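All remarks here apply to the structure that follows.
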Amino acid sequence: GAGVSQSPSNKVTEKGKDVELRCDPISGHTALYWYRQSLGQGLEFLIYFQGNSAPDKSGLPSDRFSAERTGGSVSTLTIQRTQQEDSAVYLCASSLLDNEQFFGPGTRLTVL
Amino acid sequence: GQNIDQPTEMTATEGAIVQINCTYQTSGFNGLFWYQQHAGEAPTFLSYNVLDGLEEKGRFSSFLSRSKGYSYLLLKELQMKDSASYLCAVRGYQAGTALIFGKGTTLSVSS
């Protein structure tokens, strides 16, 4: 594909529900990152995948957040029992080794 | 701790030059990035500095001083389309790791 794609573009859910956000990185990119951007805040790192190595989960804010990357390509970020403070834009990025990161358009999550 | 500071907002007029400063304190350093983000859109890569000095790319230039923990993004011949948020981000101790972002500087360009 031409760039990083994410789905859905918008997600509205009720507090307490689980949500899954999907990211398709640029083909061939070995590294994949999840960030979130809350209103008035900078991008906050969540989790990082590099090849077949164990992911760096140091940015996940709670155990309600998890992510997986299947076959070294597509990644899914899951948020269980969503809370209102989870409302944010969730951005995925991919990169080839240590080159610049290319961002997807993001998923805007609203928890009512 | 990790800290990246940049001004919250800046304004400028078309055709002018603007400098957006960024200071950082991080546990490791392996490069500094500048990204541009228009409202409602994904950040797009502008520049990368890993060594001290100035990197020029068209109307945009970026400077780095590692000893001072300081960078700036210089935008010349400003255009209305340059109105956006400019994000300063530092990569930590290891290549390929996640970026630490500042909160961004919102630049408004008026005619």
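Below, chain A is the first sequence line, B the second, and so on; all start at residue 1. As the structure is a computational prediction, the values presented were derived from the model and not from experiment.
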Practice task
Output the residues of residues 100-111 of chain B for which the shortest heavy-atom distance to chain A is under 4.5 Å, in residue-number order; output 'none' if no such residue exists.
Solution key: B:F101, B:G102, B:K103

Handout entry: Hphob cluster co-occupancy, B:I4 + B:Y86, side-chain heavy atoms under 4.5 angstrom
Key = yes

Completion exercise
Looking only at heavy atoms, the pair that brings A:E100 and B:F33 closest together is CA-CE2, 3.8 Å

Problem - Engaged part of A:L43 at the chain B interface, taking heavy atoms whose separation is under 4.5 Å - result: both

Fill in the blank from the handout: Closest non-hydrogen contact found for A:G104 with B:A42 is O-CB, 2.8 Å

Fill in the blank from the handout: Nearest heavy-atom contact between A:F103 and B:P43 is CB-O, 3.6 Å

Practice task
Counting only heavy atoms closer than 4.5 Å, note whether A:Q37 contacts chain B via side chain, backbone, both or neither.
Solution key: side chain

Exercise for the section: Answer yes or no: are there more than 12 heavy-atom neighbours, outside A:E14 itself, under 6.0 Å from its atom CD? Expected result: no

Handout entry: Same apolar cluster (I L V M F W Y, side chains within < 4.5 Å links), A:F49/A:F45
Key = no

Exercise for the section: May I ask whether A:V111 and A:I79 are part of the same hydrophobic cluster, defined by side-chain heavy atoms of I, L, V, M, F, W, Y residues being less than 4.5 angstrom apart, directly or through others? Expected result: yes

Practice task
Determine, using the 4.5 Å side-chain heavy-atom cutoff (strictly less than), whether B:V18 and B:L64 are members of one ILVMFWY cluster.
Solution key: yes

Problem - More than 12 heavy atoms from other groups under 6.0 Å of CD on B:E14 - result: yes

Practice task
Check whether any side-chain heavy atom of A:Y35 sits under 4.5 Å from a side-chain heavy atom of B:L99, and report yes or no.
Solution key: yes

Problem - A:L39 CG: over 12 foreign heavy atoms closer than 6.0 Å - result: no

Exercise for the section: Kindly work out whether a path of hydrophobic side-chain contacts (I/L/V/M/F/W/Y, heavy atoms less than 4.5 Å apart) joins B:V50 to B:L87. Expected result: yes

Using distance only, find each side-chain donor-acceptor pair of residues 69-77 of chain A under 3.5 Å and give its atom names and separation, not counting sequence neighbours.
from  : atom 1 : to    : atom 2 : distance (Å)
A:R69 : NE     : A:G72 : O      : 3.2
A:R69 : NE     : A:S73 : O      : 2.9
A:R69 : NH1    : A:T30 : O      : 2.8
A:R69 : NH2    : A:H29 : O      : 3.1
A:R69 : NH2    : A:G72 : O      : 2.8
A:S75 : OG     : A:W34 : NE1    : 2.9
A:S75 : OG     : A:E68 : O      : 2.9

